[in-house]
Amino acid sequence: DVNGETIAQAEHIPVHSGVLPWGVKGALKHINKKELKPGDAIMHNDPFIGGTHLPDIIIFSPIFFKGELVAFVGNLAHHVDVGGKVPGSLTPDATEIFHEGICFPPVKIKKEGKVKALIVTGCMAERYKDEILEEIPEVDEVLGTTAYDKILDAVDAALEGNQEVILSDIDALPLPETKRLVTTGGHFAYLKIAEGCDKHCTYCIIPKVRGNYRSVPMERLVNEARELAEQGVKELILVAQETTLYGKDLYGEKSLHKLVKELCNISGIRWIRILYCYPEEITDELIQVMKEEPKVCHYLDLPIQHANDTILKRMGRRTTKQELVHIVEKLRSEIPDICLRTTLITGFPGETAEQHEELMQFVDEMEFDRLGVFTYSPEEDTPAAGMPEQIEEEVKEDRQAEIMELQQEIAFDKAEDMIGREVLVMIEGKVADENAYVGRTYRDAPNVDGLIFINTNEELLSGDFARVKVTGALDYDLIGELL
């Protein structure tokens, strides 16, 4: 699904590809990550994860994967992105690689006169604004994380030949008056309900580049959701650095449950999915809304990061192992068919073999429906990066592989348990050259979870909902037939 022209532009670096229609994360499931080396490229056509393109202008959004920079640049003709993989901090070696154009193909493209302007945005732009202009003089504009509402100003300035950094207060909350352009295919959309974070986990840089936690006013979110529904969106996916704290800064109390109830009243919205829930912030009111409102998917994403109390404390997390067990048991007791996704960090500084085994046992006992594991990556200017007893990369990766092997068994068993069940499926698209469609159940968030393949001769459209009986399981995915 990658066009020949783009491959030719990147022929000096190895290319890894996967099942691209479901995004970079889906493709990475099919890539042996141990084969990735500095200088390799990942190519994709997912408009949500990559940059954005305008005629003759590249807006470049750096993305981090496994703690290292994966640079994606929007291709003008086909929106296929090319990325280089380099160390996560802007070290002299990294900037030299950037400047040579090996891992920064936009520079080469601009030098060749194929684009008129190069604009850098996102967390890296906020953090390394001065270094970017100094080390990569081909960049015209640098846009901070809270200045995205000034993108048109940046474009105008770049086309006039200016070179500048455009920043806003790190704790500002841009509230553009323009309507959202849905770039996720039309039938689902992400609704960002807050910006920033107050937690200050020791491994995380987000508070420094995204600011303190600040909620988007509820009336604005409801209006935005209503406009999305009018454009054909049927699934809202609520996101933030932390969703469960929503409203505390504006209304004096956690108000996610109130927001969800308001969103449920919008005609056209069929599913509401909640991601990035801090376990300790999940309220009884939120659980009750999930039980009462049929539009709310019985699905929660609650990153827990670890299960050993010592490691959790060193991470700056607010829960203990026993509290995590209690939260999971409560959710499953109150909502028996709930699907729980979590993420873990392995190889955190000081993690012993015994603590890793404790985490393994926790995963085995909890049997999360969905689980991802990341190796710890030191983030410059965070407390954890300066902690003693940093773990060797090979040890981190071995521990990651052990947890994922265990989780694979759990996930495959859970997929088998779905056989015979009747589920509501949102159709994502048709399988090429086959009488089959691919879709998602309430248990599957786009780009990160599994899929269900439906064999049928009937004509279905992306965004349709269909009742399906599960007839088989294939690893993380399901197979079904229309009812």
Side-chain angles (χ1 to χ4, degrees), residues 25 28-29 31-36 64-68 87-88 199-206 276-280 300-329 331-332 339-380 382-414 448-449 475-476:
K25 293 181 180 178
L28 289 175
K29 292 180 183 177
I31 296 173
N32 183 347
K33 299 179 187 62
K34 290 189 176 181
E35 292 179 358
L36 290 174
F64 284 86
F65 169 64
K66 290 184 67 179
E68 295 182 290
K199 297 295 189 185
H200 295 278
C201 298
T202 61
Y203 52 81
C204 185
I205 197 66
I206 283 176
Y276 310 125
C277 305
Y278 271 61
E280 70 272 18
L300 279 182
D301 166 51
L302 54 164
I304 63 171
Q305 311 306 359
H306 214 280
N308 172 267
D309 287 346
T310 300
I311 296 295
L312 287 168
K313 186 174 182 179
R314 285 166 62 88
M315 286 180 167
R317 303 294 290 180
R318 313 289 180 92
T319 49
T320 64
K321 176 183 177 181
Q322 190 53 49
E323 287 169 341
L324 292 172
V325 170
H326 172 72
I327 292 165
V328 171
E329 290 179 345
L331 286 169
R332 286 174 169 165
C339 179
L340 296 179
R341 159 171 278 284
T342 195
T343 51
L344 305 172
I345 296 175
T346 187
F348 190 79
E351 182 189 54
T352 65
E354 291 76 18
Q355 290 166 335
H356 169 65
E357 287 301 321
E358 182 179 352
L359 180 57
M360 289 276 290
Q361 183 179 358
F362 179 82
V363 170
D364 193 27
E365 293 174 353
M366 290 295 98
E367 294 189 338
F368 288 98
D369 301 272
R370 314 280 189 249
L371 183 145
V373 187
F374 300 90
T375 55
Y376 168 74
S377 179
E379 189 68 59
E380 187 181 359
T382 60
M387 289 181 179
E389 301 179 89
Q390 298 284 329
I391 308 296
E392 293 183 4
E393 197 62 36
E394 184 177 356
V395 175
K396 298 179 193 176
E397 293 179 355
D398 287 343
R399 291 177 180 177
Q400 177 193 41
E402 287 181 11
I403 296 175
M404 284 311 302
E405 184 176 354
L406 171 60
Q407 177 60 26
Q408 188 177 62
E409 296 178 12
I410 295 169
F412 290 2
D413 287 343
K414 286 182 175 288
V448 293
D449 293 328
D475 297 340
Y476 294 100

**Request:** Ignoring hydrogens and angles, tell me if any N or O in the side chain of Arg370 forms a donor-acceptor pair with the backbone of Cys339 under 3.5 Å.
**Result:** no
**Request:** Check Met387 against Pro349 and note the closest heavy-atom contact, atom names and distance.
**Result:** CB-CB, 3.9 Å
**Request:** Would you check if the side chain of Glu357 reaches a backbone N or O of Ala353 as a donor-acceptor pair within less than 3.5 Å?
**Result:** no
**Fill in**
Rounded to the nearest 0.5 angstrom, the CD-CD distance for Glu405 and Gln407 is 12.0 Å
**Message:** Check whether Thr202 reaches the backbone of Pro383 with its side chain - one donor and one acceptor, N or O, closer than 3.5 Å.
**Reply:** no
**Item:** Ionic contact status for Lys396 with Glu393, cut-off 4.0 Å
**Value:** yes
**Asked** Do Thr310 and Lys313 have side-chain heavy atoms sitting under 4.5 Å apart?
**Response** no
**Request:** Enter the distance from Arg317:CZ to Glu323:CD here, rounded to the nearest 0.5 Å.
**Result:** 12.0 Å
**Request:** Of all the heavy-atom pairs spanning Gly316 and Cys201, show the shortest one and how long it is.
**Result:** O-SG, 4.4 Å
**Item:** Heavy-atom pair with the smallest gap, counting every atom of Ala385 and Pro378
**Value:** CB-CB, 4.1 Å
**Prompt:** Does the side chain of Tyr376 reach to within under 4.5 Å of the side chain of Gln390, using non-hydrogen atoms?
**Reply:** yes
**Request:** Taking all non-hydrogen atoms of both residues into account, name the closest pair between Arg332 and Leu340 and its distance.
**Result:** NE-CD1, 3.9 Å
**Item:** Worked verdict on Asp369 versus Asp449 for side chain to side chain contact (heavy atoms under 4.5 Å, CB included)
**Value:** CA-CA 10 Å; Asp369 301 272; Asp449 293 328; over 6 Å; no
**Prompt:** Do you know which two heavy atoms are closest between Ile391 and Gly347, and how far apart they sit?
**Reply:** CG1-O, 3.4 Å
**Prompt:** Got a salt bridge between Lys199 and Glu280, using NZ or NE/NH1/NH2 to carboxylate O under 4.0 Å?
**Reply:** yes
**Item:** Approximate separation, where rounding is to 0.5 Å, of Ile345 CD1 and Ile403 CD1
**Value:** 11.0 Å
**Request:** Taking the side chain as every heavy atom from C-beta outward, state whether Glu354 and Glu358 have any atom pair closer than 4.5 Å.
**Result:** no
**Request:** Give a yes or no on whether the backbone of Tyr276 and the side-chain of Asp301 come within a donor-acceptor separation of less than 3.5 Å.
**Result:** yes
**Request:** With rounding to the nearest 0.5 Å, note down the distance linking CG in Leu324 to CZ in Phe362.
**Result:** 5.0 Å
**Prompt:** Rounded to the nearest 0.5 Å, what separation is found between the NE2 atom of His200 and the CD1 atom of Ile205?
**Reply:** 10.5 Å
**Message:** Can you confirm whether Leu406 sits close enough to Asp364 that some side-chain heavy atom of one is under 4.5 Å from a side-chain heavy atom of the other?
**Reply:** yes
**Message:** For the backbone of Phe348 and the side chain of Arg314, can you confirm whether one donor and one acceptor N or O come within less than 3.5 Å of each other?
**Reply:** no
**Message:** Using side-chain heavy atoms (C-beta onward) and a distance below 4.5 Å, is Thr346 in contact with Phe374?
**Reply:** no
**Request:** Compare all side-chain heavy atoms of Tyr278 with those of Thr319 and state whether any distance is below 4.5 angstrom.
**Result:** no
**Asked** What's the spacing between Leu302 CG and Arg341 CZ if we round to 0.5 Å?
**Response** 10.5 Å
**Prompt:** Given His356 and Met360, is the side chain to side chain contact (heavy atoms under 4.5 Å, CB included) satisfied, shown in steps?
**Reply:** CA-CA 6 Å; His356 169 65; Met360 289 276 290; 3.8 Å; yes
**Message:** Given 3.5 Å as the limit, does a donor-acceptor pair link the side chain of Asn308 with the main chain of Leu359, or not?
**Reply:** no
**Request:** Determine, step by step, whether Tyr203 and Thr382 satisfy the side chain to side chain contact (heavy atoms under 4.5 Å, CB included) criterion, reporting the C-alpha distance in whole Å, the side-chain angles of both residues, the deciding distance to 0.1 Å, and the verdict.
**Result:** CA-CA 6 Å; Tyr203 52 81; Thr382 60; 5.6 Å; no
**Item:** Student check: side-chain heavy atoms of Thr342 and Met366 closer than 4.5 Å
**Value:** no
**Message:** Using modelled atom types and a 3.5 Å cut-off, is there a donor and acceptor pairing between side-chain atoms of Glu379 and backbone atoms of Cys204?
**Reply:** no
**Asked** Is any side-chain heavy atom of Gln305 less than 4.5 Å from a side-chain heavy atom of Leu344?
**Response** no
**Fill in**
Here the pair of heavy atoms bringing Cys277 nearest to Leu300 is SG-CD2, 3.6 Å
